[in-house]
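Some notes on the structure that comes next.
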Amino acid sequence: METESEPYVRLATLRQLHQVMADMNTARSLADTLQTVADGVVNGLGYELACVNLVRPDGDLVVAAFAGNPAAEALITGRVGSRESWERRLSMGEHWGDLVFISHTEGWVLDDDDVPQWYTDGPAPRFEDEWHPSDRLFAPMYMPASPGGSCGELIGVLSVDRPRNGRRPGAWGREALQMYAFQAAIAISNARLRANMQRALVRLEREQQALRASEESFRQAFEYAPSGMAIAEMGGDQHGRILRTNDALCRLLGRPASAMRRYAFSDLVHPEDIGTLLRTSAEGGRAELRLGRRDGTYVWVSLRNSVVADAADGPRFLLTHVEDIEDRKRRELQLAHRASHDSLTGLPNSAELRSRLSSRLCQRAGHPGALESLDAAYGHPVYDAGGHGFDFRPGGGVEVYDGYDHHVHTAAPQSDHDDGTKGLAVLFCDLDGFKSINDRFGHNAGDAVLIEVARRLSRAVRDGDTVARLGGDEFVILADGLGRADAQDLAVRLRNEIIQPIRAEGRAVRVGASFGIGWAHCGMTADEVLKSADERMYVEKRSRPKQHRRAG
């Protein structure tokens, strides 16, 4: 870091320090902060290796992050060194301010202690400040001290190795590393407070103990199971946070194991399935829901929970079995769609129409007459003797509250004139002249006409409206939020769409359409609503001269 052009290097290094310090203070989690601290030593301070040793609640230090050498990272990450061994190291060697440098001539006595390390031997230095492979440099990280006080509590130690210039750091390099360790301590302390680091480490250590104490058969079953497996925290603020996953689950979700540990199942589940997840019990709980893949898609899975513990009274963890049921769900959805939709036109069928209509209609006694007699001038919910609350809505709707549920009370316009009331219009459509097409040109031509009529109706209505086929040449449209004039305009528009020529079996044919407009309101059944619209359609059909019932 110190060369003949030291002023320039100092400016470049200051910029690097500024960037890496900004990065570690903006990391989103404790794990990200620790890794950013290690990466910053390598990227910003010019060392080839960096290790973050973090103090655990019991005083020992665990290797929490590593940068610069994947082989070393795999070997020592997660390993623990005793506090006694670390105190010995920090009391040896030369003290450069808060830094501790242990020369290779003195550090050989540490080769066999229990502190995780990655050092190699090498030839004697060729000049005085040349770095030897067995030299050690430690930067203790202390909790920020109170004003005027001494150093705070030790929270960890940065181990650095192999300066890129091959020399022991000079005054500037030492100052930069000491400053970096001070800022790293602040960043780690803040991240620890945000994530409740101390409790997380206790849980992680207990989980590791539980895994180490488990039989080899369990490890094999977990790692090599053909379906997904995960271990997650149970209870507390971190409930559901994933601690470990097997290869099958990582492949299923397209996420590496290291990334999976950043999530809880609640982070991965489809927003519509959050309630299903929350209702799934820990012991023996089962659920079918969707989990997010790395590419943004979702996959249907069967999720089954069981509980494991590292001791009789120790912490408990969720063992979650995740099975891919995408194919089965797709088949079920296809079957459900076939059961609820017309096979020819793809429109909702009669059963689905009645289901959608019934879901809008409540059958409480006294509706709608009892509601109509309430004084809407109150301007706030009022209650009947049964404890149901009512709140009058603009345009005639009444919102009904019953326990934790609420239902928008469906009301209909009360006169033949457009009084501004908006309701749920039910348009019953019967094709005119369709039978003659079947008789003259065959059923294939008739099917082509029905398919095209269904397409035109679906294209002409709004998003959210329902177009259904009752059977034969009868269609029904549910359109909410319409007044009488709106419904009549819609019927005219739909009729004009239908009467346009249709290509069927190589020829142009035409059909007409008769519409009856009914209104749904609470207190009616779905069949009563449809019957009312059907009757109005026949009145409309009979009122029109026969020659005008279809366009040609």
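Since the model is a prediction, treat every value here as computed from it, not as a measurement. Reckoned from all heavy atoms, side chains included, excluding hydrogens, waters and symmetry mates.
- The environment of CD in Glu128 is sparse: at most 12 heavy-atom neighbours from other residues, nucleotides or ligands sit within 6.0 Å.
- His337 contributes no side-chain N or O that, together with a main-chain N or O of Leu333, makes up a donor-acceptor pair within less than 3.5 Å.
- If you check the side chains of His104 and Asp135, you find a donor sitting under 3.5 Å from an acceptor.
- Across all non-hydrogen atoms, the minimal contact from Arg192 to Leu54 is NH2-CG, 4.2 Å.
- Atom CZ of Arg164 has more than 12 neighbouring heavy atoms from other residues, nucleotides or ligands inside a 6.0 Å radius.
- Checked by atom type, the side-chain pair Asp23/Thr36 shows no donor-acceptor distance below 3.5 Å.
- Side-chain N/O atoms of Thr466 and Arg356 include a donor and acceptor closer than 3.5 Å.
- Between Glu223 and Arg244, at least one side-chain nitrogen of the basic residue sits less than 4.0 Å from a carboxylate oxygen of the acidic one, meeting the salt-bridge criterion.
- For the residue pair His321/Ser227, the side-chain donor-acceptor check at 3.5 Å is satisfied.
- No more than 12 heavy atoms of other residues, nucleotides or ligands shown are found within 6.0 angstrom of CZ on Arg126.
- A 6.0 Å sphere centred on CD of Glu94 holds more than 12 heavy atoms belonging to other residues, nucleotides or ligands.
- Side-chain contact annotation: Asp273 with Thr276, donor-acceptor N/O pair under 3.5 Å absent.
- The distance from the CZ atom of Arg136 to the CG atom of Asp161 is 9.0 Å, given to the nearest 0.5 Å.
- Rounding to the nearest 0.5 Å places CG of Leu137 at 6.0 Å from CG of Leu99.
- Judged by distance alone, with hydrogens and angles left aside, the side-chain atoms of Ser358 form a donor-acceptor pair with the main-chain N or O of Arg354 at under 3.5 Å.
- Judged by distance alone, with hydrogens and angles left aside, the side-chain atoms of Ser91 form a donor-acceptor pair with the main-chain N or O of Arg88 at under 3.5 Å.
- Using the six-membered ring where Trp is involved, Phe101 and Trp96 have ring planes that are parallel, under 30° apart on the 30 and 60° scheme.
- A salt bridge does not link Asp114 to Arg79: none of the charged side-chain nitrogens sits closer than 4.0 Å to a carboxylate oxygen.
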Test Leu303 against Glu288 for side-chain contact (heavy atoms from CB on, under 4.5 Å), laying out the working first.
CA-CA 6 Å; Leu303 184 146; Glu288 293 186 355; over 6 Å; no
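- Here Asp129 does not pair with Arg168 in a salt bridge; the nearest charged N to carboxylate O distance is not below 4.0 Å.
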Could you go through the side-chain contact (heavy atoms from CB on, under 4.5 Å) check for Phe265 and Ile242 one step at a time?
CA-CA 7 Å; Phe265 275 109; Ile242 297 170; 4.2 Å; yes
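- Between the side chain of Glu73 and the main chain of Ala67, no donor-acceptor pair closer than 3.5 Å is present.
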For the pair Leu158 and Met141, evaluate side-chain contact (heavy atoms from CB on, under 4.5 Å) and give the outcome as yes or no after the intermediate values.
CA-CA 7 Å; Leu158 284 176; Met141 298 181 293; 3.8 Å; yes
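- Screening Val63, Asp39, Val52 against Leu34 for a side-chain contact (heavy atoms from CB on, under 4.5 Å) leaves a single residue, Val52.
- Using a cut-off of 4.0 Å between Lys/Arg side-chain N and Asp/Glu carboxylate O, Asp267 and Arg241 are scored as not salt-bridged.
- In this structure, a donor-acceptor pair under 3.5 Å is present between the side chains of Asn53 and Ser159.
- Counting only distance, with no hydrogens or angles, the side chain of Asp98 and the backbone of Gln178 share no donor-acceptor pair below 3.5 Å.
- Side-chain N or O atoms of Asp60 include one that pairs as donor or acceptor with a backbone N or O of Arg83 at under 3.5 Å.
- The existence of a salt bridge linking Glu326 and Lys329 is excluded, since no basic side-chain nitrogen approaches an acidic carboxylate oxygen closer than 4.0 Å.
- The local environment of CZ in Arg328 is crowded, with over 12 non-hydrogen atoms from other residues, nucleotides or ligands closer than 6.0 Å.
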